[in-house]
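Taking it in order: structure first as structure tokens, then the write-up.
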Amino acid sequence: MKKYFFSLFLLFLFFFQLGVFAQEAKKIIIENSDFVDRNETAAPGALLLTGNVRVNHDGVIMTCNKAYLFQNENYIKAFGDVQMNQGDTLFMNSTYAEYNGNVKKALATGNVVMRSPDMNLTTDTINFDRNIQQAYYSTYGTIVNQDNTLRSKSGRYYANEKKYQFLTAVTITNPEYLIKSNHLDYYTNSGHTYLFGPSTITGKDNFIYTEKGFYDTKKNLALLKRKSYIKYKDRRIEGDSIYYDRNREFASATNNVKITDSINKGLIKGHYAEVYRAKDSMFVTKRAVAINLVENDSVYIHGKVLMVTGKADNRIIRAFNNVRFFKTDMSGKCDSIHSDQKQGLTKMIGKPILWNFENQMTGDVMHLISNNVTEKLDSLKVLNNAFIISKDTIGDGFNQVKGLNLYGKFRENKLYEVDVVKNTEVIFYMRNDDQELIGINKNVSSSINMQLADNQIETITFFKTVDGDIYPEAELPANARKLRGFVWRGDERIKNKDDIFTDEENVMHEKIQQQQKKEDLKEQVPMEVRKETLNYDKKK
């Protein structure tokens with residue numbers, strides 16, 4: 001029984017091999033030749049075909065002026081105006097070609113042009129393997145596909161997928177941009193381009209760098225995934241993932257987003273951003289922070305949402321919801337901020353609180369005014385329910401001033417003069433030069449003027465309708481030493497740039513960093529950066 005099955009197996013294998021052999025053994029057929037001859041001296045064993053030569057092999061038609069056909073080897077060499085057609089999908093012209101019918105492989109050289117309905121490739125030499133439907137070349141080649149012209153040192157064409165793959169020195173030239181890469185996959189029917197490794201896209205108004213990206217050359221859409229950025233004349237956008245629409249001049253970035261304003265020395269960070277260049281606006285959220293350089297110090301403004309609008313010389317920054325800001329000598333909180341860089345005016349709106357050194361200020365609305373020439377903080381307005389509190393220098397008491405409005409002046413970012421107007425009230429701990437307590441001044445007046453030195457109240461001048469007295473410490477009870485509405489919020493004070501973020505935002509940030517580290521490990525593939533090819537970001 002075993003011998004029976006073994007015999008059947010051998011018989012099956014024999015017929016299978018016969019079938020394969022018969023399939024591979026299809027002969028090159030001569031369909032036309034003006035003259036047929038033999039020249040055993042020039043080409044032993046070959047038929048010499050001359051004049052309007054046309055041969056056929058399994059659906060491939062070859063025409064030329066002259067050919068040597070080696071019938072036993074099923075092999076042909078063609079000369080002069082050679083053309084090979086594979087149906088109506090692939091055409092190849094050259095001055096010389098060879099074709100092996102047994103292995104279905106062709107070689108074309110000399111002014112080679114390979115054409116399909118959607119592209120033309122010109123190069124010096126091409127190898128074509130019909131079995132896997134792939135053509136490849138290692139001499140410089142140029143592909144023209146609609147508006148795109150591709151040039152590379154070597155490449156491979158996948159006929160079934162209509163895809164080119166380039167691994168060395170490839171460029172795509174389009175009327176609107178130039179793409180350079182060392183590893184690029186290009187689909188001729190869709191115009192889709194996949195970039196691997198250091199790659200650049202240079203346009204008239206911007207420059208793109210990526211190490212893993214996709215670009216739709218027909219729709220002008222890009223998705224950039226690794227170490228990518230978009231650079232304009234005045235702005236640079238970075239992110240772990242960037243979507244870009246060239247037609248709308250729109251970009252959105254996700255995770256570790258960084259937008260640099262080179263003109264206004266500003267930087268905006270977050271984990272999601274949308275940038276509308278044509279409208280000169282951007283939207284940033286998810287741990288968003290705007291960082292501006294002022295007097296060699298950085299101002300950090302954080303809100304749930306940041307919006308920046310206007311051109312570089314007329315820019316407005318808005319921050320919404322639980323806004324916090326920090327500067328070395330100043331910090332604060334409010335519901336929202338509106339900052340006009342041209343006017344040098346920053347409005348703190350909705351329950352604002354400001355700390356300047358040891359002074360705590362509150363009111364309904366606050367205005368911070370900067371000098372646009374010196375870029376230094378010039379003055380402060382606290383409108384409606386102004387209240388300023390500072391701890392006494394030695395004891396446990398608090399110096400307090402309240403009134404309708406407060407107007408302060410800064411010198412070197414320090415308050416040196418404050419005017420409080422309308423219905424002012426004061427509690428002030430008076431000390432001599434030896435810092436001994438003289439008494440507690442408690443009174444009301446129409447308005448007051450305070451002179452400050454080293455961030456402490458040095459003198460107070462009262463104007464009009466003054467009513468009050470200086471009390472010895474023992475004669476003023478503790479419950480009378482605080483003005484109505486007094487709230488000391490020292491525990492809320494923002495003491496460094498990290499305090500502007502909530503715990504929830506910091507947890508989200510840490511998760512994103514961990515995920516990015518995992519992605520970086522996946523992408524750590526050895527890669528040679530050919531600077532002479534890319535030549536990217538010269539201005540960097």
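Below, all heavy atoms of this structure are taken into account, side chains as well, without hydrogens, waters or symmetry copies. Fair warning: this is a prediction, and the values are worked out from it, not measured in the lab.
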(request) Please work out whether the ring planes of Y194 and H192 are parallel, tilted or perpendicular, with thresholds of 30° and 60°. (result) perpendicular
(request) Return the orientation label for the F283 and Y272 ring planes: parallel under 30°, perpendicular over 60°, tilted otherwise. (result)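 The arrangement is perpendicular - the two ring planes meet at more than 60°.
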Side-chain donor or acceptor of [X] paired with backbone N/O of [Y] under 3.5 Å:
{"X": "S331", "Y": "I494", "value": "yes"}
{"X": "T285", "Y": "K304", "value": "yes"}
{"X": "K402", "Y": "R484", "value": "yes"}
{"X": "T424", "Y": "K422", "value": "no"}
{"X": "R236", "Y": "K231", "value": "no"}
{"X": "K381", "Y": "V365", "value": "no"}
{"X": "D245", "Y": "L221", "value": "no"}
{"X": "Q400", "Y": "R481", "value": "yes"}
{"X": "D216", "Y": "G191", "value": "no"}

Going by atom types only, do [X] and [Y] share a side-chain donor-acceptor pair under 3.5 Å?
{"X": "Y215", "Y": "N220", "answer": "yes"}
{"X": "Y137", "Y": "S152", "answer": "yes"}
{"X": "N145", "Y": "Y186", "answer": "yes"}
{"X": "T346", "Y": "S339", "answer": "yes"}
{"X": "T123", "Y": "T139", "answer": "yes"}
{"X": "D118", "Y": "Q146", "answer": "no"}

Output the distance between atom [atom1] ([X]) and atom [atom2] ([Y]), rounded to the nearest 0.5 Å.
{"X": "M330", "Y": "L415", "atom1": "CE", "atom2": "CG", "answer": "7.0 Å"}
{"X": "E358", "Y": "N399", "atom1": "CD", "atom2": "CG", "answer": "12.0 Å"}
{"X": "I369", "Y": "L380", "atom1": "CD1", "atom2": "CG", "answer": "7.0 Å"}

(message) Tell me if the aromatic rings of Y209 and Y229 count as close, with their centers under 6.0 Å from one another.
(response)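 Yes, ring centres under 6.0 Å apart.
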(request) Kindly indicate, with the supporting measurements, whether the criterion side-chain hydrogen bond (donor to acceptor under 3.5 Å, both in side chains) is fulfilled by Q360 and R489. (result) CA-CA 8 Å; Q360 172 187 298; R489 298 165 63 182; 5.9 Å; no
Tell me if the [atom1] atom of [X] is crowded by more than 12 foreign heavy atoms within 6.0 Å.
{"X": "D129", "atom1": "CG", "answer": "yes"}
{"X": "D503", "atom1": "CG", "answer": "no"}
{"X": "K351", "atom1": "NZ", "answer": "no"}
{"X": "K163", "atom1": "NZ", "answer": "yes"}

(request) Please determine which of L195, T193, N174, N206 meets the side-chain contact (heavy atoms from CB on, under 4.5 Å) test together with I201. (result)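 It is L195; the other options fail the test.
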(request) Evaluate the criterion side-chain hydrogen bond (donor to acceptor under 3.5 Å, both in side chains) for residue pair N371 and D378; output intermediate values, then yes/no. (result) CA-CA 6 Å; N371 186 315; D378 180 76; 4.8 Å; no
(message) Can you list everything that forms a side chain to side chain donor-acceptor pair (under 3.5 Å) with K311? Sequence neighbours excluded, please.
(response)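 With sequence neighbours excluded, K311 shows a side chain to side chain donor-acceptor pair (under 3.5 Å) to D280, given in chain and number order.
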